Number of protein chains: 2
Amino acid sequence: MEKNIQEAENYCQQNGLNLTPVRRKVLEILLEKNTAIGAYEILDLLRESGFKNQPPVAYRALDFLVQNGFAHKIEQLNSFIGCMHPGKDHSPAFMICRNCDSVSEEEALTRNFSVSQIASKAGFTVEKAVIEARGLCQSCSDLA
Amino acid sequence: MEKNIQEAENYCQQNGLNLTPVRRKVLEILLEKNTAIGAYEILDLLRESGFKNQPPVAYRALDFLVQNGFAHKIEQLNSFIGCMHPGKDHSPAFMICRNCDSVSEEEALTRNFSVSQIASKAGFTVEKAVIEARGLCQSCSDLA
DNA sequence: TTCCTCCATGATATAACATAACATTCGCGC
DNA sequence: GCGCGAATGTTATGTTATATCATGGAGGAA
Ligand SMILES: [Zn+2]
Ligand SMILES: [Zn+2]
Ligand SMILES: [Zn+2]
Ligand SMILES: [Zn+2]
């Protein structure tokens with residue numbers, strides 16, 4: 001965990017990014033759990049640590065972390081989870097347990113994979129899968 | 001479209017479900033577009049048609065439709081889209097165009113597939129993919 | 001009929017999630 | 001010192017979703 005933070009520091013230094021105290025703190029918060037955390041819960045934890053606690057504080061830090069590959073948003077939960085693939089344009093698959101709320105990130109290599117494969121490798125039983133791709137449809141591609 | 005509604009009526013009748021006026025109207029609204037629609041936009045359209053327009057009106061109807069396979073929620077957009085696989089426990093994959101906002105539903109047979117396969121079959125260029133599975137993790141399965 | 005239960009809807013309020021907009025601060029190169 | 005850009009401070013508001021209790025109406029049992 002402390003090692004992860006250190007890696008994040010290094011990555012930022014090497015890439016002209018600024019892991020400011022509040023951003024670092026949010027990253028620590030996210031890495032401390034294996035469950036997803038909502039922005040307002042993060043805000044509470046920030047306040048406890050003496051940071052300001054207006055919503056933009058959390059959302060700005062989260063934007064930074066998500067942008068730079070230190071965190072992901074879990075759309076189904078409106079929550080966030082730590083990651084450690086900085087800068088990587090990866091397409092992860094998340095396994096969200098309905099019983100213990102744990103969220104595990106599995107790598108979906110090169111966007112070519114099957115959910116069931118990934119899940120079974122992780123020992124996860126899928127009850128419902130959300131797959132949403134963003135991009136360009138046929139006709140919009142043709143126009144370009 | 002009118003045919004879809006008719007099928008929905010039939011399915012409901014055969015399964016003891018009640019496609020009430022407001023539920024039917026919401027389904028019509030969803031089926032009229034090939035883009036996802038937010039609950040509050042639906043609410044506006046309901047009001048224009050003389051229905052009540054407090055949030056629970058839309059959310060209740062949407063819950064019914066989603067529960068019974070007449071609609072899906074698009075998590076990335078906090079919006080809803082019509083479907084016509086009533087009762088089917090299917091695992092669809094959605095292709096969301098960032099340019100024209102169209103959303104197309106592709107069938108992901110038996111939860112065993114690859115996003116890139118589905119996308120290319122549909123002529124869709126994937127820029128980002130969200131894959132979130134809900135279910136039971138290894139340890140929670142073991143306890144059961 | 002009367003009463004009961006279930007389902008759907010009505011109605012009010014509030015919770016939870018997220019962003020807009022503008023002001024301030026601070027470090028850095030000129 | 002000055003101008004600039006990045007980050008943060010601050011206030012306000014927008015957007016999405018749910019909790020809760022009240023009302024109504026169809027259908028069955030006694
Ligand atoms: Zn990741
Ligand atoms: Zn679990
Ligand atoms: Zn569907
Ligand atoms: Zn398009």
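No experiment lies behind these values; they were computed from the predicted model shown. Order of the sequence lines fixes the chain letters, A, B, ..., with proteins taken first and strands second; residue numbering starts at 1 for each chain.
- Straight-line distance from the CZ atom of R47(A) to the P atom of dT8(D): 19 Å, rounded to whole Å.
- Annotation: side-chain contact (heavy atoms from CB on, under 4.5 Å) contacts of N34(B) (sequence neighbours excluded): S102(B).
- Remark: Q13(A) CD is loosely packed, at most 12 non-hydrogen atoms of other residues, nucleotides or ligands lying under 6.0 Å away.
- In this structure, the CG atom of N18(A) is 12 Å from the C1' atom of dG5(D), given to the nearest Å.
- No side-chain donor-acceptor contact under 3.5 Å links R134(A) to the backbone of R98(B).
- Residue R60(B) is the one, among D63(A) and R60(B), whose nearest nucleotide of DNA chain C lies closer to the 5' end (criterion: closest heavy atom).
- When distances run from any side-chain atom of R23(B) to the nucleotides dT10(D), dA19(D), dA8(C), the shortest one goes to dA8(C).
- Following rounding to the nearest Å, I42(B) (CD1) and dT15(D) (C1') show an atom-to-atom distance of 14 Å.
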Could you list all N or O pairs between the protein and nucleotides 14-18 of chain C that sit under 3.5 Å apart?
| unit_1 | atom_1 | unit_2 | atom_2 | d |
| --- | --- | --- | --- | --- |
| dA18(C) | OP1 | K73(A) | NZ | 2.5 |
| dA18(C) | OP2 | Y59(A) | OH | 3.1 |
| dA18(C) | O5' | Y59(A) | OH | 3.4 |
| dA18(C) | N7 | Y40(A) | OH | 2.7 |
| dA18(C) | N6 | Y40(A) | OH | 3.3 |

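- For dA11(C), one of the phosphate oxygens OP1 or OP2 lies less than 4.0 angstrom from a side-chain nitrogen or oxygen of K52(B).
- Distances were taken from every side-chain heavy atom of T20(B) (C-beta onward) to each of dG9(D), dT12(C), dA8(C); the shortest belongs to dA8(C).
- Distance CD (Q54(A)) to P (dT11(D)): 7 Å, rounded to an integer number of Å.
- For P56(A), whose side chain is taken as the heavy atoms from C-beta onward, the closest listed nucleotide among dT11(D), dC21(D), dT18(D) is dT11(D).
- By the neighbour-count criterion of 12 heavy atoms within 6.0 Å, atom CD of E7(A) is densely surrounded, having more than that number from other residues, nucleotides or ligands.
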Inset, instruction - With side-chain contact (heavy atoms from CB on, under 4.5 Å) as the test, would you mind laying out the steps for C12(B) and F70(B) before giving the verdict? - result: CA-CA 11 Å; C12(B) 286; F70(B) 299 119; 3.9 Å; yes

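- One can place NZ of K25(A) at 15 Å from P of dT8(D), the figure rounded to the nearest angstrom.
- The ring of H72(B) has its center closer than 6.0 angstrom to the ring center of F94(B).
- Rounded to a whole Å, the CG atom of N53(B) is 11 Å from the C1' atom of dA11(C).
- For E132(B) (side chain) and Q76(A) (main-chain N/O), a donor-acceptor pair under 3.5 Å exists by modelled atom type.
- In this structure, Q67(B) atom CD and dC7(C) atom P are separated by 14 Å, rounded to whole Å.
- In this structure, the CD1 atom of I74(B) is 15 Å from the P atom of dT16(D), given to the nearest Å.
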